[in-house]
Amino acid sequence: MEEKLQTLLREKRTFRPPREFTRAAHVGSKAIYKEVSSKRLRFWANQARELTWFSKWKKVLEWKPPHAKWFVGGRLNASVNCLDRHIDTATRNKVAILWEGEPGDRRAITYWELYRDVNRFANALKSLGVKRGDRVAIYLPMIPEAVVAMLACARIGAPHSVVFGGFAAHALRDRINDAKAKVLITADVGYRRGQQVLLKRNADQAVAETPCIEHVVVVRREEAPSTQIHMEPDRDVWYHRLMADAEAYCKPAVLDAEHMLFTLYTSGTTGKPKGIVHTTGGYMTQAVATTRWVFDLKPEDVYWCMADIGWITGHTYVVYGPLALGATAVIYEGAPDWPDRDRVWDIVERYGVTVFYTAPTAIRAFMKWGPEHPKNRDLSSLRLLGTVGEPINPEAWMWYHRNIGGERCPIVDTWWQTETGGIMITPLPGVTTTKPGSATIPFPGIEAELVDANGKPVKVGGGYLVMTSPWPGMLRTIYGDDKRYREQYWSRFPGKYFTGDGAKRDEDGYFWILGRVDDVLNVAGHRIGTMEVESALVSHPSVAEAAVVGRPHDVKGQVLVAFVILRSGHHASPALLDDLEEHVVTEIGAIARPEDIIITAELPKTRSGKIMRRLLRDIATGTALGDVTTLADPAVVAALKEKYEANES
Ligand code: WT7
């Protein structure tokens, strides 16, 4: 970990932005930070008051490290906060979701319509036997029914587990089994780059090995079904049939603040993904507070967060945050460059998007499209831009500011994680002076710091990013594995939450995130565990051993490079390489497709048998070899490096 941090520190150039980018235009009152830091719990209690509660909490925080309870004794329902409370106001008739499918189909759904659908679907879930506390898996494209499904689960107190629609059948199966979900909600198909994604077919394959699933609800996405959809009698039901039979009103469950709202699986440092557990009161408080302060949403805003609901960004900033605030949110199903590179700007112009939130990988792709993009579109409706998911390079930041923001939109670079539930480090527009490439300073009420390998605080310089006190949206545990929760997050630096990220802090106290220092990779903003990809490779009959590392990539941030040792009797061939690639895609999904696979006879290992990933990274990156004296057989590295370079040319 330490050497990875050192490498990252070496790679990160110091960056002095031109004056125009740090001008006082973005500076407002700093008083909010001062005020909050001395009265942290009072600040969070004030934010919680923005929600609608059935009964108020007795205690703001109960902290028995590493377990926190927020708003103890309070009762609420997340769907009431996103829907019911708007129904008695003018927001009832406001558009909640401006939806656009990839083929070009469109829907505008008002708060009333969404309320109506969520109530009906909540009753439908009940009719399938779903009770408070039962887990429901959701495997859907970016369609309004995905939001309906999440909120319907929340309404009856059934924690949802959304699985990204790009994941393969096996990945879906493992997540369903880990959470022991009772019902799976999927669709016949989704659309991606003009292709149908056969979700129901994947679901059928997954459900064949998930004894816990009692019913599968299928949304009909395709108007004129050309694909034959298999419906298993007694198990599978069409969404539209259920809705037609369902009662119009479902009384919302009165839930404890600490009732589990959802679990969301994310990659860690082992082969097994972690079910991150979020509860209702604290998560909703942070979702609402950050959406309010960071995006500063006003009633007239049209807000577009490009994230898929399969990720935490989609949960917090497509669904719970904006809807709780009564905002109008754009949801787009497909790829931003489909059918052409105008698509994303066409959507911005047509709906008059004012706040736009995306990932650095998308921004770098836009940059590559060349200066003619997005020249032919009027983007003057935009007033605020956001970025999330990975470190943004200053060049991309400044390009975003100039070419998309027309030099008038502040940029919020927001650092956070699946585990944190909501934004943690970010500028506040109109308040915090920005610096291109820096996520700036912690959100009010958040206490972050850097520590060295011994846990000693680092005021200025490089170190490990930790949180020194609990926050409302923090994960409560890992589903079914509290031991892993303690070990993963709270043992490296006792009493402090370890993020897994390295960072630098400058003289102004600004944070410059360097990236992961553990075995987690970030490919095009998607988090992928090296061990997961390694297990997928090793499950192929021809593979004896595999090691996966990341290599920097100018658009995707990082790509995967796999080193593979074949079992005896198997030989390297282009066909085998293709087969291995496809195997990873079938096991995990296209996001885990290795960029390169290197077949090798040996892997560099220490005397104790640990694979030396640093050397593999050096080989994959083509940089000079580091210290090889601790290697069992230094010749292995030289041979590997040679082979790799031959492969490249
Ligand atoms: C990891 C969390 C929650 C956002 C979506 C990703 C990296 C996230 C930033 C940023 C630099 C960032 C970190 C973090 N990351 N935002 N603004 N600057 N790095 O959520 O899949 O849980 O991944 O994404 O490395 O640990 P995630």
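If you're wondering where the values come from, they're calculated on a predicted model, not measured in any experiment. Ligands are counted one by one from 1 in listed order, and the atoms in each one are counted from 1 as well. When reading the values below, keep in mind they use all heavy atoms of this one structure, side chains included, and skip hydrogens, waters and symmetry mates.
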Contacting atoms of ligand 1, where contact means under 4.0 angstrom from a heavy atom of [X]:
X	answer
I312	3 (C)
N522	7 (C), 24 (O)
R527	2 (C), 21 (O), 22 (O), 23 (O), 27 (P)

Parallel, tilted or perpendicular for [X] and [Y], by the 30°/60° rule?
X	Y	value
Y497	W471	perpendicular
F366	W399	tilted
F262	H315	tilted

Examine the proximity of ligand 1 to V520 and report which part, side chain or backbone, both or neither, has a heavy atom under 4.0 Å away.
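Neither part.
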Tell me the contacting part of A439 for ligand 1: side chain, backbone, both, or neither, using a 4.0 Å heavy-atom threshold, strictly below.
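Under 4.0 Å from ligand 1, A439 contributes no heavy atoms.
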Heavy atom of the protein closest to [atom] (residue, atom name, distance):
atom	answer
atom 13 (C) of ligand 1	D501 OD2, 2.9 Å
atom 18 (N) of ligand 1	E390 O, 3.3 Å
atom 4 (C) of ligand 1	V388 CG2, 3.3 Å
atom 2 (C) of ligand 1	W416 O, 3.7 Å

Backbone or side chain, does any N or O of [X] fall under 3.5 Å from an N or O of ligand 1?
X	value
T418	yes
T414	yes
Q417	yes
T313	no

To the closest 0.5 Å, what do you measure between [atom1] ([X]) and [atom2] ([Y])?
X	Y	atom1	atom2	value
Y479	D178	OH	CG	8.0 Å
R402	C409	CZ	SG	14.0 Å
L172	L184	CG	CG	6.0 Å

Please identify which of these residues, K274, R484, K496, meets the side-chain hydrogen bond (donor to acceptor under 3.5 Å, both in side chains) condition with Y489.
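So, applying the side-chain hydrogen bond (donor to acceptor under 3.5 Å, both in side chains) to Y489 and each of K274, R484, K496, only K274 qualifies.
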Would you indicate which of G386, G389, G437, G421 comes nearest to atom 16 (N) of ligand 1 when only heavy atoms are counted?
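Heavy atom nearest to atom 16 (N) of ligand 1 belongs to G389.
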Within the 3.5 Å criterion, strictly below it, is a donor on T477 or D482 matched to an acceptor on the partner's side chain?
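Note: T477 and D482 side chains meet the donor-acceptor criterion.
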If you define the side chain from C-beta out and look only at heavy atoms, does anything of R516 sit under 4.5 Å from Q558?
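No. Closest side-chain heavy atoms not under 4.5 Å.
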